[in-house]
There are 2 protein chains.
Amino acid sequence: MKSHPITIKDIARVLGISPSTVSRALKDHPDISPKTKNLVKTFAEKVNYRPNALALSLRSSKTNTIGIVIPEIVHHFFSTVISGIEDVAYGRGYNAIICQTNENYQREVIDLQALIDNRVDGILVSMSKNTHEFTHFNNVKENGIPIVFFDRICEALSTDRVIADDFEGARIATRHLINQGCKKIMHLAAPQHLLIGKNRKEGYYSALKESKLECEERLILKCDTREAVFAKADDVIRLASEIDGIFAVNDSTAIAVMQVLQRNGYKIPKDIAVVGFGDGPNANIAYPPLTTVEQKGYDIGQAAMRLLIGHIEETVEDDEFETKIFTPELVERTSSQYGIDFTYK
Amino acid sequence: MKSHPITIKDIARVLGISPSTVSRALKDHPDISPKTKNLVKTFAEKVNYRPNALALSLRSSKTNTIGIVIPEIVHHFFSTVISGIEDVAYGRGYNAIICQTNENYQREVIDLQALIDNRVDGILVSMSKNTHEFTHFNNVKENGIPIVFFDRICEALSTDRVIADDFEGARIATRHLINQGCKKIMHLAAPQHLLIGKNRKEGYYSALKESKLECEERLILKCDTREAVFAKADDVIRLASEIDGIFAVNDSTAIAVMQVLQRNGYKIPKDIAVVGFGDGPNANIAYPPLTTVEQKGYDIGQAAMRLLIGHIEETVEDDEFETKIFTPELVERTSSQYGIDFTYK
DNA sequence: GTGTATATTGCAAACGTTTGCGGAATATAT
DNA sequence: ATATATTCCGCAAACGTTTGCAATATACAC
């Protein structure tokens, strides 16, 4: 059973003709007589001949394969992005090699090198959190391989980029609360040394300002995980009586804070309206269903792949780079309908 | 910048020696003099020479690449499996090409063919739901490529397999409820033509029987999605007063049913204890935190990859196949602590 | 019949490696 | 000095393709 696959040479030998003739016959080269073409094609069909992609790649130095380097595949956002990438890649005849760095810089370097070694036609990258050295990215460029960053971009390099607009997303979320009638809105924030933490807080501030609402430091709680929320439950409760809305930096903290409040007799969204920031499929499961801004992972993936193809197939100049920004979209559910007494059914 | 990468030939030309000497020098062949070795190595280092993986693969017919074919990458279970696969693959020097079929048979056929064309060393597959024809899998075997199925296995083919034990998982979950003191347990079931639906129900029955509890058809509700639960909310409520436990076929229905019950004044787990079946990271977010049996996706992935390596590297006989079964593990949280009055903190 | 155009095929090199074998140069033994 | 062993290196083929060019064969015109 471990018979090696049929090659052009095999066909040539059996048919008593030369490999070149077989090759040309298979791709309808005009030089070949109809008789020979027929002979070759039917035989190739019969033995289920398939060209060796490796040999093709070696000769043409085109692998029709792209590399994807991401921190973690289990994050819903990233697997959504991958779906977007794959769908357009598939449509254009590309395969994808996916590498997970696990937020590990060393691994990122190795993965990139492996992709270069395998002569992929292009690379899509979302940087690991602790990557602060960029020579491995430059290495990719020096090997003439196009590279596109998405989400976790590298500002030091001039490349194509596709990002979600965290600032605007936060502004939309906060503005939505204001439109619902909220006047005093708490913010659960991520660490400010992370871009998303900073941008989302700025967006929150910006929305407050444009509605002439006061920006109060004391209404900002540093907690971006479920556990952190429970740890700061006392702070939440202390402020609860004076606030009427909460914008949380992600969905799990939004859900957690709802639970803390409910536990203490507050009604969501009757007393306090809540909006999250989409990082997964949890929003629907929350009680009440969580209003959130959804990052368009699928679209981001598609856009990144399209930009990459532009450079691979050189329909765009070598040194002409673009930054595509996707604004998250508000998905209104129940948690933000301030004043409404929510019950299922 | 689009300069082609340095090759052995380039090095040979510059150094005025033959490619064969360069090749041997780089891999410390004893035939080469120390002086030449040094010369070659330092030069190769300097110009950052990297062997062309394509050329290597073509020559050795070994690509050090494996293919993964799965229905959907966004499902938490599958992305967990992928992590398991990748981690052992990485440790053994393999890259992974991931193909998503989107539950599409045609796509599955095409993906498999692409993997064969690229001469991957082995393939890991979880079948698409509507795959009932298996010639494409046989095609893989006929090309001498080892194949291992996981989760969605193909019973018609003799290959290695790695699966989760749904029957046992359901039994464990139900038994746990019984141990908590539940005597009348409802089951939210998936369609019985699906393997998981059937196996999990059987496991539920089995646990009841072993404790001499009655198996009542009327305690089985056919609903396996969140929406289905809300649609059947009336049926749930009607039965609620006489039951003391619920085993749900997956976590989202478990969470939904808890919400329906809570909405109607029932306390979880005081009045009714609930156990789910792990399909994602939702269990922690539920209120109260959901006890569930977790399918060990990561372990399944690791095991599958190890089996595959066994065949690729022929440490195991060609026609010797193994089936590895992973029993889900009960993760006890709050929702199943029958009789307890739950509140956060 | 010769000459020329045309149709059809094969040779050989190339993509970047590895490797069996042979050969030149040097060293050792007699 | 010759014979033999040892050290070091290059040639060429191979992996499976494609393709420029040369070669053969056939057809057509005169």
Side-chain angles (χ1 to χ4, degrees), chain A residues 2-41 43-44 47-65 116-121 143-144, chain B residues 2-41 43-44 47-65 114 116-121 143-145:
Chain A
K2 189 146 275 180
S3 58
H4 82 117
I6 304 281
T7 73
I8 276 191
K9 287 187 184 176
D10 295 330
I11 299 181
R13 189 159 6 87
V14 175
L15 261 38
I17 56 183
S18 85
S20 9
T21 305
V22 176
S23 172
R24 282 189 261 249
L26 287 174
K27 43 190 33 153
D28 262 332
H29 193 286
D31 272 6
I32 306 299
S33 72
K35 194 167 24 141
T36 313
K37 276 185 190 169
N38 239 303
L39 181 69
V40 172
K41 282 183 179 172
F43 185 77
V47 298
N48 194 21
Y49 166 76
R50 299 240 87 217
N52 183 327
L54 288 171
L56 287 178
S57 298
L58 179 59
R59 177 152 226 282
S60 64
S61 37
K62 177 91 167 64
T63 53
N64 290 306
T65 302
I116 296 173
D117 290 350
N118 280 284
R119 301 294 189 266
V120 294
D121 294 338
N143 275 276
Chain B
K2 188 145 276 181
S3 58
H4 83 117
I6 303 282
T7 74
I8 277 190
K9 287 187 183 177
D10 295 331
I11 299 181
R13 190 161 4 90
V14 174
L15 260 40
I17 56 182
S18 85
S20 9
T21 303
V22 176
S23 172
R24 281 190 262 249
L26 287 173
K27 44 191 31 157
D28 263 331
H29 192 289
D31 270 9
I32 307 298
S33 73
K35 193 171 20 148
T36 313
K37 277 184 190 171
N38 240 303
L39 181 68
V40 171
K41 283 183 179 172
F43 185 77
V47 298
N48 194 21
Y49 166 76
R50 298 243 85 216
N52 183 327
L54 288 170
L56 287 177
S57 297
L58 180 59
R59 177 151 225 281
S60 63
S61 37
K62 178 91 168 62
T63 53
N64 289 307
T65 302
I116 297 173
D117 291 350
N118 279 284
R119 303 293 189 268
V120 294
D121 293 340
N143 274 277
I145 301 177

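On a predicted model such as this, the values are computed, not experimentally measured, just so you know. Each chain gets a letter, A, B and so on, in the order the sequences are listed, and its residues count up from 1.
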- Item | Close side-chain approach of B:Thr63 to B:Asn118, heavy-atom, < 4.5 Å | no

- Message: Using side-chain contact (heavy atoms from CB on, under 4.5 Å), reason through A:Lys27 and A:Ile32 one step at a time and then give a plain yes or no.
- Response: CA-CA 10 Å; A:Lys27 43 190 33 153; A:Ile32 306 299; over 6 Å; no

- Give me the residues of residues 48-60 of chain B where at least one heavy atom lies under 4.0 Å from an atom of DNA chain C, by number, or none. B:Tyr49, B:Arg50, B:Pro51, B:Asn52, B:Ala55, B:Leu56, B:Arg59

- Task: Considering only heavy atoms of chain A and a distance under 4.0 Å, specify the first and last nucleotide of DNA chain C in 5' to 3' order that meet this criterion.
- Result: C:dT8 to C:dG16

- Item | Near-strand residues of residues 24-33 of chain B, defined as heavy-atom separation under 4.0 angstrom from DNA chain D | B:Arg24, B:Asp31, B:Ile32, B:Ser33

- State, with a plain yes or no, whether a side-chain heavy atom of B:Ile6 is found less than 4.5 Å away from one of B:Asn48. no

- Compare every heavy atom of B:Phe43 with every heavy atom of B:Val14, then report the nearest pair and how far apart it is. CG1-CZ, 3.7 Å

- Could you tell me whether B:Thr7 contacts a base, only the sugar-phosphate backbone, or nothing, with contacts defined as non-hydrogen atoms closer than 4.0 Å? sugar-phosphate

With a cut-off of 3.5 Å and sequence neighbours excluded, list every side-chain donor-acceptor pair involving residues 50-60 of chain B.
residue: B:Arg50; atom: NH1; partner: A:Asp117; partner atom: OD1; Å: 3.3
residue: B:Arg50; atom: NH1; partner: A:Asp117; partner atom: OD2; Å: 2.4
residue: B:Asn52; atom: OD1; partner: B:Leu54; partner atom: N; Å: 2.8
residue: B:Asn52; atom: OD1; partner: B:Ala55; partner atom: N; Å: 3.3
residue: B:Ser57; atom: OG; partner: B:Ala53; partner atom: O; Å: 2.8
residue: B:Ser57; atom: OG; partner: B:Lys62; partner atom: O; Å: 3.4
residue: B:Ser60; atom: OG; partner: B:Leu56; partner atom: O; Å: 2.8
residue: B:Ser60; atom: OG; partner: B:Lys62; partner atom: N; Å: 3.4

- Are any non-hydrogen side-chain atoms of B:Ile17 and B:Val40 less than 4.5 angstrom apart? yes

- Is any side-chain N or O of B:Ser20 under 3.5 Å from a base N or O of D:dC11, one able to act as donor and the other as acceptor? yes

- With sequence neighbours excluded, tell me which residues meet salt bridge (charged side-chain N to carboxylate O under 4.0 Å, His left out) with B:Asp10. B:Arg13

- If you look at every heavy atom in A:Ala12 and A:Ser18, which pair is closest and at what distance? CB-C, 3.7 Å

- Note on the structure: NZ of B:Lys37 to CZ of B:Arg24, rounded to nearest 0.5 Å, is 11.5 Å

- Task: State the CD1-OG1 distance between A:Ile11 and A:Thr21, to the nearest 0.5 angstrom.
- Result: 12.0 Å

- Message: Roughly what angle, to 10°, lies between the helix axis at the start of the helix from C:dG1-D:dC30 to C:dT30-D:dA1 and the one at its end, five pairs per end?
- Response: 70°

- Query: Which pair of heavy atoms, one from B:Lys9 and one from B:Pro19, lies closest together, and at what distance?
  - Reply: CG-CG, 4.4 Å

